Number of protein chains: 2
Amino acid sequence: MPKETDEPKQQPGAGCPIRGVLDRIGDQWSLLTLEALEDGEKRFNELMREIGDISKQMLSKTLRHLEQDGFIRRTVYPQVPPRVEYELTELGRSFLIPMKTLIGWAEQNHPAIISARQRHENS
Amino acid sequence: MPKETDEPKQQPGAGCPIRGVLDRIGDQWSLLTLEALEDGEKRFNELMREIGDISKQMLSKTLRHLEQDGFIRRTVYPQVPPRVEYELTELGRSFLIPMKTLIGWAEQNHPAIISARQRHENS
DNA sequence: CAGGATCCGCACAGATACTG
DNA sequence: CAGTATCTGTGCGGATCCTG
């Protein structure tokens, strides 16, 4: 067959939604943050404790990115001491649905991956 | 309540399959490489051309990682000039199934994300 | 053709200190 | 409490050269 005119080539960032989305959830913390927010709204330090090994800057950045993309909502209660709550939006919640199936795959096939890695170490 | 002995906390890499898998597909090139291999086996330079903006080292690294994890198979044909073919394994192919649903979500919700980003720029 | 080895810049991520 | 600002190191990733 001859060359197609509309090959599925997609340069980075331009019109490629996959890159745009995966670069976000692939950034180590975004997914963990979203999952931490799954069971209701949380405060900043609450998220820090829950995620455990994340620094303030990373959590801050991650939250801002996720908010920018419309995955979470940030609510400031004008009190002293200040109180800020984060919660999933509809978009964020709907994202977790396909994500869950992927996580399920990961859990199910993790042993296979582990053994594949070890097989390679011994070769 | 007292401290639980088995809280769902998962330290990085230890027993967490999600991290192990997502760190791989989130590394910018792995997913693109897998997709490039979806329609049959390819050679090294063929993959380079198809992915477009990847360097030799990155493609090489990515391919080795994917092979280590059992996602792809590498076949060397002892000829001169050398010829090496890469193809998806069953594991790799099965991975693309849940991944596809996630990609579908990304394509469908990309406009919403874009507009959410722009709404934030103007605020 | 299919990579490995090396050098190097830069963006990312941690630690610390400071602010409202 | 909920962050921001700065400073710094490290590792990713590109470019180039070399090998079988």
Side-chain angles (χ1 to χ4, degrees), chain A residues 11-13 16 19-20 22-33 36-37 40-69 71-87 120 123, chain B residues 11-13 16 19-20 22-34 36-37 40-69 71-88 120 123:
Chain A
Q11 50 267 68
C16 179
R19 295 285 282 268
L22 280 205
D23 283 8
R24 279 296 157 77
I25 64 101
D27 76 356
Q28 189 79 251
W29 302 118
S30 295
L31 181 59
L32 288 174
T33 306
L37 286 171
E41 62 180 4
K42 300 264 176 68
R43 308 178 58 166
F44 190 89
N45 281 348
E46 211 168 346
L47 287 169
M48 287 232 24
R49 279 188 298 273
E50 187 139 344
I51 300 176
D53 53 346
I54 190 174
S55 65
K56 303 210 282 190
Q57 299 83 331
M58 278 307 98
L59 181 54
S60 183
K61 263 193 194 177
T62 303
L63 288 170
R64 254 183 288 129
H65 279 150
L66 291 174
E67 191 198 0
Q68 271 201 358
D69 288 6
F71 283 72
I72 64 176
R73 181 174 8 254
R74 180 174 180 271
T75 314
V76 183
Y77 297 88
Q79 316 173 345
V80 358
R83 184 175 135 225
V84 183
E85 298 269 4
Y86 295 93
E87 60 180 332
H120 248 271
S123 73
Chain B
Q11 50 268 69
C16 178
R19 295 284 282 269
L22 280 204
D23 283 7
R24 278 299 158 75
I25 66 101
D27 75 356
Q28 188 80 249
W29 300 118
S30 295
L31 181 58
L32 288 174
T33 306
L34 288 176
L37 286 171
E41 62 180 5
K42 300 264 177 67
R43 309 179 57 168
F44 190 88
N45 282 346
E46 212 169 343
L47 287 169
M48 288 236 17
R49 279 188 298 274
E50 187 140 342
I51 300 177
D53 53 345
I54 191 175
S55 65
K56 302 208 282 190
Q57 299 82 333
M58 279 305 99
L59 181 54
S60 184
K61 264 194 195 177
T62 303
L63 288 171
R64 255 183 286 128
H65 280 150
L66 290 174
E67 192 198 359
Q68 272 202 357
D69 289 5
F71 283 73
I72 64 175
R73 182 175 6 254
R74 180 174 180 270
T75 314
V76 183
Y77 297 88
Q79 314 174 345
V80 352
R83 184 174 137 227
V84 182
E85 298 270 5
Y86 295 93
E87 59 179 332
L88 291 177
H120 248 271
S123 72

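Each chain gets a letter, A, B and so on, in the order the sequences are listed, and its residues count up from 1. Just so it is clear, the model here is predicted, and its values are computed rather than measured.
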Spacing between [X] atom [atom1] and [N] atom [atom2], to the nearest angstrom:
X        : N       : atom1 : atom2 : answer
Ile51(B) : dG14(D) : CD1   : P     : 12 Å
Leu59(A) : dA15(C) : CG    : P     : 14 Å
Glu67(A) : dA2(D)  : CD    : P     : 15 Å
Met48(A) : dA15(C) : CE    : C1'   : 12 Å
Asp53(B) : dC12(D) : CG    : C1'   : 15 Å
Glu46(A) : dG3(D)  : CD    : P     : 13 Å
Gln28(A) : dC12(D) : CD    : P     : 12 Å
His65(A) : dG3(D)  : NE2   : P     : 15 Å

Considering only side-chain heavy atoms of [X], which listed nucleotide, [options], is closest?
X        : options                 : result
Arg83(A) : dC17(D), dA2(D), dG3(D) : dA2(D)
Met58(A) : dG14(C), dC1(D), dC1(C) : dG14(C)
Pro82(A) : dC1(D), dG14(C), dG3(C) : dC1(D)
Arg43(B) : dA2(D), dC1(C), dT4(D)  : dC1(C)
Ser60(A) : dT4(D), dG4(C), dA2(C)  : dT4(D)
Arg74(A) : dG3(D), dG14(C), dG3(C) : dG3(D)

Handout entry: Residue whose nearest DNA chain D nucleotide is more 5′ - Lys61(A) or Pro81(A)
Key = Pro81(A)
Practice task
Kindly compute the distance separating CD (Glu67(B)) from OG1 (Thr62(B)), expressed to the nearest 0.5 Å.
Solution key: 12.5 Å
Handout entry: Thr33(B) side, atom OG1; Ile25(B) side, atom CD1 - distance, nearest 0.5 Å
Key =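 Separation between the atoms: 12.0 Å.
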Problem - Cation-pi, Trp29(B) ring and Arg24(B) (6.0 angstrom, 45 degrees) - result: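 No, Arg24(B) and Trp29(B) do not form such a contact.
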Exercise for the section: Kindly indicate whether the side chain of Gln57(A) and the base of dT16(C) share any N or O donor-acceptor pair separated by less than 3.5 Å? Expected result: yes
Exercise for the section: Indicate whether OP1 or OP2 belonging to dG14(C) is found under 4.0 Å from a side-chain N or O atom of Ser55(A). Expected result: yes
Practice task
Indicate whether OP1 or OP2 belonging to dG3(D) is found under 4.0 Å from a side-chain N or O atom of Arg64(A).
Solution key: no
Problem - Lys56(A) backbone acceptor or donor facing Ser60(A) side chain under 3.5 Å - result: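 Side chain of Ser60(A) to backbone of Lys56(A): no pair is present.
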Practice task
Answer whether the closest heavy-atom distance between the side chains of Glu87(A) and Thr75(A) falls below 4.5 Å.
Solution key: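 Glu87(A) reaches Thr75(A) side chain to side chain.
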Practice task
For Tyr86(B), answer base if it contacts any base atom (sugar-phosphate contacts may also be present), sugar-phosphate if it contacts only those atoms, and nothing otherwise; contact means non-hydrogen atoms under 4.0 Å.
Solution key: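 Sugar-phosphate: the residue Tyr86(B), judged by heavy atoms under 4.0 Å, touches backbone atoms but no base.
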